[in-house]
There are 2 protein chains.
Amino acid sequence: MKEGPDIAQIGALIGDPARANMLTALMGGRALTATELAEVGGITLQTASTHLSKLEAGGLLAQRKQGRHRYFALADDGVGKLLENIMGFAATRGHLRHRPGPKEPALRKARICYDHLAGDYGVRMLDSLIASGAISEVGDGLNLTERGEARLTSIGIDVTGLRSTRRPLCRSCLDWSERRAHLAGSLGKALLSNFFNKGWARRTENSRSILFTSEGERRFLALFPMEAGEMDKGQESADV
Amino acid sequence: MKEGPDIAQIGALIGDPARANMLTALMGGRALTATELAEVGGITLQTASTHLSKLEAGGLLAQRKQGRHRYFALADDGVGKLLENIMGFAATRGHLRHRPGPKEPALRKARICYDHLAGDYGVRMLDSLIASGAISEVGDGLNLTERGEARLTSIGIDVTGLRSTRRPLCRSCLDWSERRAHLAGSLGKALLSNFFNKGWARRTENSRSILFTSEGERRFLALFPMEAGEMDKGQESADV
DNA sequence: TTCATACTTCGATCGTAACCGAAGCATCGA
DNA sequence: TCGATGCTTCGGTTACGATCGAAGTATGAA
């Protein structure tokens, strides 16, 4: 009965509120310093330091020294994926935190989920890709069709290059409030990078929300039109 | 920064060793009484009772009264899936518990993982299904082919009936020691039930290991032959 | 050098939750 | 009705770990 992986250990790591807040912040995808993480955790630097040591020892975080700064980030994709999973699960059980801040509408609209686009726009993008036949749903998973590959290549995504990596091209990621999926995987990441590179959108400094320029928004909505029946849905989407 | 699902809450629930042991035991798929769970948790009945209340309040467990017994089980598929995920992750970080008991070889060979077959035989079965073209790998997911549907129907699986449920037909589940996948989803469950019904195998009383009869083993191995190059691999497989 | 910034380590406090003994409640069988 | 079994609730103890002040280490800047 005592065999098997020790889920209690990682449960305990995630189970502390301060650590959970830090991990959630790092889902934003960028590395943060100990000082920044102390702030998001609502604790002093000393306390944060011990937490960060534990998270690193537990294999959840990786650190990179740079001058007198020490940047922490999620150790790898697996950690992001795990946290996504738990968030999705927690949402279905109604374990929500209830401090609707002023930034919430922006977060609902478009936000970063580890490394890909989430929120209303994220859900819309995947819906549109499926509706247009670029991505097909196969059982539990998602699959890029030939038509989709041609289309994405035409907007500047190096699909061939993405295929050569070990990471899955398409993954679906559950949007916790809407309970609908958006696109994760290396393709999801590449698409978001593409939007950044084109200047359609940019990150915000202290939040996971993504700001679209008016021009970028216009282009994005044109590129991923909503199906006819979907108008005025998707307002409450928000993820992770 | 405070929006989103509260991962700390469920992390804390899983993070207590006694609770984690109980949950792991319930991954065996059958409902257990509070007394039995107290024993696997290594705690008294009183303590177990409070743990079980918390797990139920947190949406992880469901209880069913039956006479003066109170049976606890995982609340639904989602919980099993979550625990599988965490176990898979924990295994990749080397968070293993180290009490190799006498039952371990049996567990490595074949065991139940929530409701489907895991371990050496579980991995072998999926490998064989893929090699024979019954199941294809699509990106991250698995897909039953037409040929596979015909083949499984012929051995007594009601594939059409399975398709009509909301649960995904094929899911892959990471085998933590081998780091290879075996088959989960409603099809994985149906296959294991099929083996039980045919009398090829049965559960053991106090463990998650599955015992094959010699006849059942012969049939199983004939039904799911190993690919030529795979001989003598798969000895160390064990899951969840 | 010297000072400032970024972070860690040490030491002590404190709160929470895990824990168990004992008592209480519910169901069953006789 | 009575005792036995299965489980919960109560109360008090204990232990662990989260927390922070203070001191220590490392890097950079002046």
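Note on naming: letters A, B, ... go to the chains in the order of the sequence lines (proteins, then strands), and numbering restarts at 1 for each one. Hydrogens, waters and symmetry mates are skipped; everything else that's a heavy atom, side chains included, is used. A quick note: this is a predicted structure, and the numbers were derived from the prediction, not measured.
A donor atom on one side chain and an acceptor atom on the other are not found under 3.5 Å apart for A:Glu215 and A:Thr213.
Within the structure, the side chain to side chain donor-acceptor pair (under 3.5 Å) test picks out the following pairs touching residues 27-37 of chain A (sequence neighbours left out): A:Thr33-A:Glu36.
Distances shorter than 4.0 Å separate none of the side-chain N or O atoms of B:Thr50 from OP1 or OP2 on C:dA18. For D:dA29, neither phosphate oxygen OP1 nor OP2 lies less than 4.0 angstrom from any side-chain nitrogen or oxygen of A:Arg68. In terms of phosphate contacts, B:His51 brings a side-chain nitrogen or oxygen within less than 4.0 Å of OP1 or OP2 of C:dC19. For C:dA26, the OP1/OP2 oxygens have no side-chain nitrogen or oxygen of B:Arg70 closer than 4.0 Å. Taking only side-chain nitrogens and oxygens, A:Lys65 never comes nearer than 4.0 Å to OP1 or OP2 of D:dA26. Of the side-chain N and O atoms in A:Ser49, one or more sit less than 4.0 angstrom from OP1 or OP2 of C:dT8.
In this structure, CZ of B:Phe72 is placed 9 Å from C1' of D:dC7, rounded to the nearest angstrom. When rounded to the nearest whole Å, the span between CG of A:Leu52 and P of C:dT8 equals 7 Å. When rounded to the nearest whole Å, the span between CG of A:Leu32 and P of C:dC7 equals 11 Å. Atom CG in A:Leu45 sits roughly 14 Å away from atom C1' in D:dG24 (whole-Å rounding). Rounded to an integer number of Å, the gap from CD1 of A:Ile43 to C1' of D:dG17 is 13 Å. The distance between atom CD of B:Gln66 and atom C1' of D:dC7, rounded to the nearest whole Å, is 15 Å. One interatomic measurement links the two molecules: CD of A:Gln9 to P of D:dG17, which rounds to 11 Å at whole-angstrom precision. Nucleotide D:dG17 holds its C1' atom 9 Å from the CG atom of A:Asp16, rounded to whole Å.
Distance CZ/B:Phe195 to CE/B:Met125: 5.0 Å, rounded to 0.5 Å.
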Stepwise salt bridge (Lys or Arg N to Asp or Glu O under 4.0 Å) test for A:Glu217 and A:Lys109: CA-CA 11 Å; A:Glu217 183 156 352; A:Lys109 184 175 169 186; 3.2 Å; yes
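Residue whose closest nucleotide on DNA chain C sits further toward the 5' end, between B:Lys54 and B:Gln46: B:Lys54.
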Give every donor-acceptor pair under 3.5 Å between a side-chain atom in residues 72-79 of chain B and any protein atom, sequence neighbours left out.
from, atom 1, to, atom 2, distance (Å)
B:Asp76, OD1, A:Arg93, NH2, 3.1
B:Asp76, OD1, B:Gly78, N, 2.8
B:Asp76, OD1, B:Val79, N, 3.3
B:Asp76, OD2, A:Arg93, NH1, 3.2
B:Asp76, OD2, A:Arg93, NH2, 3.0
B:Asp77, OD1, B:Tyr114, OH, 3.4
B:Asp77, OD2, B:Arg167, NE, 2.9
B:Asp77, OD2, B:Arg167, NH1, 3.4

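Residue contacts shown for B:Thr47 include a base, since a base heavy atom lies under 4.0 Å away.
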